[in-house]
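Residue numbers begin at 1 in each chain, while the letters A, B, ... track the order of the sequences. The figures that follow rest on heavy atoms only: side chains count, while hydrogens, waters and symmetry mates do not.
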There are 2 protein chains.
Amino acid sequence: MLSITEENYLKSIYKIAESDGIPVSTNSVAARMQTTAASVTDMIKRLSDKELLEYEKYHGVQLTEQGSRVATQLIRKHRLWEVFLTDQLGFRWDEVHDIAEELEHIQSPQLIERLDRFLGHPRFDPHGDPIPDANGHWEHRQQVLLSELLPGQAGIVTGVNDHSPAFLQYLQQLGLTLGARISLQETVAYDQSLQVVIEYGAPQNLSDKVARNLYVHPSAE
Amino acid sequence: MLSITEENYLKSIYKIAESDGIPVSTNSVAARMQTTAASVTDMIKRLSDKELLEYEKYHGVQLTEQGSRVATQLIRKHRLWEVFLTDQLGFRWDEVHDIAEELEHIQSPQLIERLDRFLGHPRFDPHGDPIPDANGHWEHRQQVLLSELLPGQAGIVTGVNDHSPAFLQYLQQLGLTLGARISLQETVAYDQSLQVVIEYGAPQNLSDKVARNLYVHPSAE
DNA sequence: ATATTTTTTTTGACTTGCCTAAAAATTTAT
DNA sequence: ATAAATTTTTAGGCAAGTCAAAAAAAATAT
Ligand SMILES: [Mn+2]
Ligand SMILES: [Mn+2]
Ligand SMILES: [Mn+2]
Ligand SMILES: [Mn+2]
C-alpha cells in the first residue's frame, strides 16, 4: 500500500508529463509539490524501487504502466468526489479542489464504484475535466482555448485551464460557467483582448489571460 | 493541525475513558491501538505538550476540554459518514466502519456541516450510536442490554455493544436489525441463554453472548 | 573550448511514529 | 512488610519524509 505522500508524487508526475512531456525533471516535481529538489530525488528513488517509475540519474523520470494506473485512479477518485461535493452537497466549483485532494486518498475500491453509480456515472467533473473509468479510460472532448476562436465564431464553455479559485470565481461572476455560450466579435490587436458576448448579453471585453485559460467547444454561428 | 495518528489516539483515549472511566492507563491505550506501551508513552507526551490531555507519570491520562472536543468531533464525523455509506451508497452496516475510520480524518468543517444537512441531520448512526452535534452534544436514548430484560418483557433493537462485522452479519441474518421487535420468553438457567421471539416469528434460542451485546428499548408487552 | 550558470544529487540532520530490551515504579500476593 | 508480578517509562534504534548546504553533473554562454 502506498502512502498519501507517494500517491501525491505519482499524481504530480503524471500531470507534469501530460503537460510538459517526458522525461519529467526533478525541479518540475519540486515546484509542483512545493518541496525541495533533494526531497524529490529521495522520493523518486523509493518510487523507482517500487517499480512505479523509471529513473535515470540526472535525466528525469517516467511513470511505469503501474505508476500511471495509480495516477489515473487517483484522478478518477478526485474528480468523482468533486462531482459529489458540487452536485450533492452544494459546494461551488471553486471550493471543491482542496477537499477532493484529501478524499482522493481514501482506500476502498468498493466505495469509489458505489459513489460512481450514486452520481450516475458522470463523465466530467465540475471543471469540465474528464473522469477516467475504472479501467483508466476517458472521453476526449473536442475543445479549443477561447483564444483560438476566430472573430465571428461562437462556442460553449467546456472547461478551464487555470483551476485557481480566483479564476473560477471570476468566471462565475461573468456567467462563464460550464455550458454557457460565448461568441467572439473581434480581437483587439493592441493587447490581444477580446470583445465577446456571453449568453446574448451586452458585448464586453475579456483579457487574453482569461481567453488562454478557458476551453470552449466551437459551435455554429 | 493534528496528524491522523494523533487524532486516532485521542479518539481511543476518549472511548476508553467512556467505558472504563478515568484515568486511562497506558496499557489500555496500547491494547486498543494495537501498539506497544512504549509507543503510547511517547505519544502521550506529545499530546500532553499540545495540551490535549493531562498526564501524570505512572498514573495515566485524562483528556482536556480541548482533547475531548477533538474526540467528539471525530466521532461525529465517523458516524455521519457511516450514515452516508449505508443510506446513500447502499453499504451494509457491517461494511462501513473501516471506511469511516479513514473518512473521519478529512479536514473540512464545511464538508461535515453540509454532509449533516444532506443526510437530514441524523441523530443515530447505522449501529444505533448517537451522533454528536456540532457542539459535541447528543441525544441519550433509554436502552438496556437484552440480557437485562426480564422474562415476559419485550424490546425494540436500538444498538449493539459489539461492532464486529461477524456479530453484525449474524444479527442481520437473525432479523435483529435496528427497530426490530424482540420479546423474551424465558432464560435458560443452565447456560444463561434466552428463549426469544423475533418479530412475531417462531421462538428460538439466543446465547448469552448475543444477549450481552445487543441493546433494546424496553417496550410494553 | 572554456567558463558560467543551472540542475541534480549527496550529505548530514531533524521530526514523527514505531519497535525491542532494560530499568524503574506501582500493584498485588504472601 | 516483603516478595513477586504487573505496569510504565527510558534508552537506543529504525523508516519515512523533510530540509539546508555542499558537491557533482549537465546545460548554456562566451
Ligand atoms: Mn492529494
Ligand atoms: Mn476538477
Ligand atoms: Mn481513524
Ligand atoms: Mn457506528
Handout entry: Nearest listed nucleotide, side chain of A:T5, among C:dA24, C:dG17, D:dT18
Key = D:dT18

Problem - A:K45 side-chain N/O to C:dT10 phosphate OP1/OP2 under 4.0 Å - result: yes

Fill in the blank from the handout: Among the nucleotides D:dT7, D:dT9, D:dA20, whichever has the atom closest to the side chain of A:T36 is D:dA20

Problem - Side-chain N,O (A:R46) to OP1/OP2 (D:dG17) below 4.0 Å - result: yes

Problem - Atom-to-atom span, NE2 of B:H59 to P of D:dT6 - whole angstrom - result: 19 Å

Exercise for the section: Choose from D:dG17, D:dT10, C:dT9 the nucleotide whose nearest atom is closest to any side-chain atom of B:A38. Expected result: D:dT10

Handout entry: Protein-nucleotide distance (A:I4, atom CD1; C:dT16, atom P), rounded to Å
Key = 18 Å

Practice task
Taking the six-membered ring for Trp and the full ring for Phe, Tyr or His, determine whether the centres of B:F84 and A:F84 are under 6.0 Å apart.
Solution key: yes

Problem - Full working for salt bridge (Lys or Arg N to Asp or Glu O under 4.0 Å) between A:R212 and A:E148 - result: CA-CA 8 Å; A:R212 282 183 286 102; A:E148 299 174 67; over 6 Å; no

Exercise for the section: For C:dG17, take OP1 and OP2 only and decide whether either is under 4.0 Å from a side-chain N or O of B:S3. Expected result: yes

Problem - Separation of atom CG in A:L47 from atom P in D:dA16, rounded to whole Å - result: 12 Å

Practice task
May I ask you to evaluate whether A:Y55 reaches the phosphate of C:dT9, defined as a side-chain N or O under 4.0 Å from OP1 or OP2?
Solution key: yes

Handout entry: Distance, rounded to the nearest Å, where A:D49 contributes CG and D:dG17 contributes P
Key = 13 Å

Practice task
Determine: side-chain N/O of A:T41 to OP1/OP2 of C:dT9, distance under 4.0 Å, yes or no.
Solution key: yes

Exercise for the section: Inspect the contact between A:E101 and A:K11 and indicate whether a charged nitrogen and a carboxylate oxygen are less than 4.0 angstrom apart. Expected result: yes

Handout entry: Ring centres under 6.0 angstrom apart (B:H78, B:H97)
Key = yes

Problem - Presence of B:Y9 side-chain N/O under 4.0 Å of C:dC18 phosphate oxygens OP1/OP2 - result: yes

Practice task
Output yes when at least one side-chain N/O atom of B:N27 is less than 4.0 Å from OP1 or OP2 of D:dT6, else no.
Solution key: no

Fill in the blank from the handout: Regarding the side chain of B:K57, the nearest nucleotide among C:dT8, D:dT9, D:dT18 is D:dT9

Practice task
Would you kindly give the CG-to-P distance between A:N8 and D:dT18, to the nearest whole Å?
Solution key: 9 Å

Problem - A:D49 and A:K45 ion-paired at < 4.0 Å - result: no

Practice task
Give one of base, sugar-phosphate or nothing for A:T26, where a contact means two heavy atoms less than 4.0 Å apart.
Solution key: sugar-phosphate

Handout entry: Out of C:dT10, D:dG17, C:dA24, whichever nucleotide has its closest atom nearest the side chain of A:D42
Key = D:dG17

Practice task
Verify the contact: side-chain N or O of A:T35 to OP1 or OP2 of D:dT18, cut-off strictly under 4.0 Å; return yes or no.
Solution key: no

Practice task
Have a look at A:S39 and say if it touches a base, only the backbone sugar-phosphate, or nothing, with a 4.0 Å heavy-atom cut-off.
Solution key: base

